[in-house]
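This report concerns only the one structure given below.
Any value given below was found using the heavy atoms of this structure, including those in side chains, with hydrogens, waters and symmetry copies removed. Residue numbers begin at 1 in each chain, while the letters A, B, ... track the order of the sequences.
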4 protein chains.
Amino acid sequence: MGDVKAGAVDGAVGGAVVKRQKRMPRAVREQQMLDAAVRIFGQRGYRAASMDEIAEVAGVSKPLVYLYLNSKEELFTACIRREAAALVAAVRDGVSGGGPADRQLWAGLRAFFAHTAEKPDAWVVLHNQARTQGEPFAAEVAVMREEIVAFVTSLIAEAAREAHRKPELAEREVAGLAQALVGAAESLAGWANGDASVSAKGAAATLMNFAWAGLGELMEGRRWVP
Amino acid sequence: MGDVKAGAVDGAVGGAVVKRQKRMPRAVREQQMLDAAVRIFGQRGYRAASMDEIAEVAGVSKPLVYLYLNSKEELFTACIRREAAALVAAVRDGVSGGGPADRQLWAGLRAFFAHTAEKPDAWVVLHNQARTQGEPFAAEVAVMREEIVAFVTSLIAEAAREAHRKPELAEREVAGLAQALVGAAESLAGWANGDASVSAKGAAATLMNFAWAGLGELMEGRRWVP
Amino acid sequence: MGDVKAGAVDGAVGGAVVKRQKRMPRAVREQQMLDAAVRIFGQRGYRAASMDEIAEVAGVSKPLVYLYLNSKEELFTACIRREAAALVAAVRDGVSGGGPADRQLWAGLRAFFAHTAEKPDAWVVLHNQARTQGEPFAAEVAVMREEIVAFVTSLIAEAAREAHRKPELAEREVAGLAQALVGAAESLAGWANGDASVSAKGAAATLMNFAWAGLGELMEGRRWVP
Amino acid sequence: MGDVKAGAVDGAVGGAVVKRQKRMPRAVREQQMLDAAVRIFGQRGYRAASMDEIAEVAGVSKPLVYLYLNSKEELFTACIRREAAALVAAVRDGVSGGGPADRQLWAGLRAFFAHTAEKPDAWVVLHNQARTQGEPFAAEVAVMREEIVAFVTSLIAEAAREAHRKPELAEREVAGLAQALVGAAESLAGWANGDASVSAKGAAATLMNFAWAGLGELMEGRRWVP
DNA sequence: GATGAATGAGAATTCATTCAT
DNA sequence: GATGAATGAATTCTCATTCAT
């Protein structure tokens with residue numbers, strides 16, 4: 001075999017090919033291209049995805065893709081930006097209600113799992129592809145991730161404040177906890193997507209149970225020592 | 001630009017190129033090739049890695065790589081197998097002392113973080129590359145991961161037993177917790193590798209604190225409900 | 001697919017691989033190599049045949065093949081020479097009894113069809129491979145063919161003499177007839193080999209009927225004119 | 001020496017290289033490519049022919065050849081199909097006048113020899129290359145050959161009918177005669193091509209004399225017996 | 001005499017990218 | 001705005017051939 005068509009048994013990518021329609025406004029065409037690109041990048045991987053297939057799935061000719069998005073690199077970057085923004089927006093929307101820190105975290109997690117479950121290709125692009133294709137791209141998602149980690153960090157800090165236990169948790173420690181929590185969420189997102197029997201709500205509940213209880217213990221000053 | 005050489009500014013991969021030495025026994029050469037391949041696959045990604053570069057870094061000609069390892073696909077598989085086995089062995093060795101469940105978990109985590117920190121390319125190959133390059137490879141690591149998850153699951157179950165609290169934790173829930181814990185560890189491994197100021201011991205401590213306390217709470221039957 | 005392995009469904013070449021035996025006299029080893037080479041060249045074609053496979057089938061290491069036969073080209077030439085000589089010898093043996101021209105032709109044809117049926121790979125090498133691989137090789141078989149054509153030519157001339165009809169057949173015409181007869185025989189050889197229900201004897205009879213009757217007519221001076 | 005460039009002293013293939021002309025309609029370019037491919041396949045052989053050289057002779061870049069013809073295998077198949085169709089059409093055209101069986105045969109032979117003499121590379125591709133490169137290709141020409149053999153068979157049968165001698169010739173025997181006749185023609189085609197002093201007409205006459213007389217004898221019930 | 005180790009040179013095939021219309 | 005036509009540059013993989021032992 002020449003090379004592996006990664007991510008798909010026979011090279012067939014699920015989902016409909018956009019019917020070739022003439023004369024659409026540029027903004028719409030661009031979104032169609034990004035839709036196609038996210039799908040292909042997600043299923044094939046950045047390198048294995050070919051501009052040919054993306055153009056075909058988008059229902060346009062290749063030169064048009066180049067006209068609008070300049071290069072494979074920029075196209076990929078555009079995908080990352082759009083999907084990162086969408087994910088952050090989804091989480092933000094979920095949390096928008098406010099309330100105590102735990103409820104906010106709960107809401108954020110549910111929104112996160114719901115969004116990643118609904119757009120699996122986008123999640124793969126962000127989590128698996130972008131982070132493994134070297135600098136220009138990894139940096140792009142790192143920004144989004146930082147945003148989310150910062151948000152979680154603030155929630156943990158707030159929770160500590162609510163419990164009047166701030167001094168017990170060093171700032172550095174809080175950062176580590178947020179990282180671990182986000183990492184666990186990311187890991188569960190992949191797990192939940194792969195296993196149809198686990199809903200977004202279930203995944204969020206599992207993690208929440210795990211995390212909140214642990215945080216509570218820590219905030220009480222009880223910690224595990226070797 | 002033709003295409004991105006992912007993972008490095010100018011295509012230079014760090015580390016020494018093996019000085020071309022003639023007439024080595026096959027077993028030795030094979031290990032050199034696998035060393036080179038792990039490095040290149042880790043830094044460039046599966047698709048972006050070229051057999052040319054791997055051969056060069058290994059200090060041999062390309063045909064020899066093919067003579068010994070048959071194809072890019074098989075070479076990659078060989079890398080995955082070797083590194084998966086090495087990682088599992090490292091964790092197993094770390095835990096070998098026995099003792100109570102929490103100490104075993106602690107030992108295992110430390111070994112895990114130490115090993116991944118020491119061989120970052122190998123970790124990238126296992127965690128980031130293999131899992132995103134489609135079936136033949138993803139399955140290979142999945143086996144290893146299952147082994148580790150099963151081990152963690154048994155530790156949690158044992159801890160519950162030690163605490164005489166078995167009935168409180170459903171089997172399904174334990175599985176979810178193990179997944180989350182392993183996911184958090186995997187995530188922290190990447191984080192710790194990227195940030196020199198976090199040692200394996202530190203990473204393990206953070207996670208242990210987080211996890212053990214949380215597990216304790218859960219075993220007490222206290223859980224978070226929306 | 002990279003390229004076609006011509007002449008075999010799955011690349012498996014029929015017949016036993018010579019068991020690797022140490023220390024044989026050179027002459028014997030050489031014959032084993034030629035046997036293997038004829039088989040592989042016949043089944044795969046000159047270009048598609050690999051020295052690797054030939055060595056393996058011969059039961060020796062590749063360097064030994066080079067030591068004895070120098071190069072693929074010379075190996076192929078050696079095959080051609082051996083098999084051409086064997087075929088000519090077989091025909092010569094068949095005819096050795098002497099007698100009237102028609103009986104000699106009949107005997108020669110039977111020997112020819114019997115030999116090619118018995119060694120199909122050798123026949124393919126001579127008839128199909130050597131003639132299509134360019135000058136050094138085509139010339140080699142051309143020599144053998146000329147020998148046979150000359151023999152047939154002399155038989156026809158003799159037959160004409162026996163029938164006291166020489167003046168009716170120009171020399172040039174006799175040459176053309178011999179060519180046609182030999183061509184028909186070659187063509188029938190391929191046909192008979194492919195079709196198990198046609199024996200060497202049957203093939204020879206068909207051709208003899210066709211040819212002798214025609215020759216008789218011609219010698220009578222009756223010829224077809226547009 | 002690396003390997004033999006079969007079929008030419010120094011690798012130079014006779015005939016003009018198409019002057020590189022830009023922007024031709026696809027259909028035209030495809031024919032140019034097939035022209036080049038037939039020439040190279042005919043002179044070098046299937047395996048020895050390189051896509052590089054074919055592209056160069058066709059006056060286009062290699063990717064364009066792949067864009068239009070997909071692979072070496074498909075390109076070869078396309079050559080076979082085109083040339084087989086052309087040859088059959090030429091013979092059919094030659095015979096189209098009708099008339100008694102012998103005149104039809106005569107016309108067909110003349111057309112056959114004229115066509116193969118005019119396109120020697122095409123004839124080599126059909127007769128020598130396609131038949132020796134394994135199944136996908138051999139089958140392709142076999143179809144064409146069957147068509148021709150069937151046609152000749154019907155002519156012989158008709159001739160027998162015209163001579164009111166049907167019972168003398170078994171069906172099986174007629175088939176064998178047709179095979180022999182076609183084989184002789186194929187063989188003479190190669191011979192005539194190699195020798196400039198033999199015209200298509202001359203070759204056809206030789207064969208016709210040989211064959212028709214022989215057939216007549218057979219139809220009279222006179223046959224050679226050992 | 002015999003071989004395990006090794007390679008230079010080329011083969012088919014693919015891809016991102018650009019004109020000319 | 002949109003595209004059919006075209007290519008330079010890689011990439012994977014194979015093969016005939018040679019040493020050093």
With sequence neighbours left out, what residues match [X] under side chain to side chain contact (heavy atoms under 4.5 Å, CB included)?
X	value
A:Ala138	A:Glu135
B:Tyr66	B:Met51, B:Lys62
D:Asp121	D:Val38, D:Arg39, D:Gln43
A:Ala37	A:Phe41, A:Ile54, A:Leu75, A:Cys79

Please give, in whole Å, the distance from [N] [atom2] to [X] [atom1]?
X	N	atom1	atom2	value
A:Asp52	E:dT18	CG	P	15 Å
A:Lys62	F:dA6	NZ	C1'	10 Å
D:Ile54	E:dT13	CD1	C1'	14 Å
C:Met51	E:dT3	CE	C1'	15 Å
C:Glu53	F:dT14	CD	C1'	13 Å
C:Arg47	E:dA11	CZ	C1'	9 Å
A:Leu64	E:dT18	CG	P	15 Å
A:Phe76	E:dA16	CZ	C1'	16 Å

Side-chain N or O of [X] versus OP1/OP2 of [N]: is the shortest distance under 4.0 Å?
X	N	result
B:Arg29	E:dA5	no
A:Tyr66	F:dT3	no
B:Arg23	F:dT21	no

Categorize A:Arg26 for me: base, sugar-phosphate, or nothing, with a 4.0 angstrom heavy-atom threshold over every strand shown.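 No contact at all - A:Arg26 keeps every heavy atom at 4.0 Å or more from the nucleic acid.
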Can the positive tip of B:Arg47 be found less than 6.0 Å from the middle of the six-membered ring of A:Tyr46, inside 45° of the ring normal?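 Because its charged atom misses either the 6.0 Å distance or the 45° angle limit, B:Arg47 does not stack over A:Tyr46.
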Candidate list C:Glu83, C:Glu140, C:Arg131, test side-chain contact (heavy atoms from CB on, under 4.5 Å), partner C:Leu126, passing option: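 Going through the options one by one, the only one that passes is C:Glu83.
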DNA chain E: B:Pro25 or A:Ser50, which has the more 5' nearest nucleotide?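 Nearest nucleotide further toward 5': that of B:Pro25.
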Selected nucleotide, minimal atom distance to [X] side chain, candidates [options]:
X	options	answer
B:Leu67	E:dA6, E:dA12, E:dA2	E:dA6
D:Lys72	E:dT13, E:dA2, E:dG4	E:dT13
B:Ser71	F:dT3, E:dG1, F:dC13	F:dC13

Paired and unpaired positions of DNA chain E as dot-bracket, Watson-Crick or G-U wobble under 3.5 Å, | denoting a partner strand: .||||||||||||||||||||
On DNA chain F, compare the nucleotides closest to C:Pro63 and D:Pro63; which residue's is nearer the 5' end?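 Looking at the nearest nucleotide for each, D:Pro63 comes out on the 5' side.
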Those residues that, when tested against B:Arg82, pass side-chain hydrogen bond (donor to acceptor under 3.5 Å, both in side chains) (two or more places apart):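 side-chain hydrogen bond (donor to acceptor under 3.5 Å, both in side chains) check on B:Arg82 returns B:Gln31, B:Asp35.
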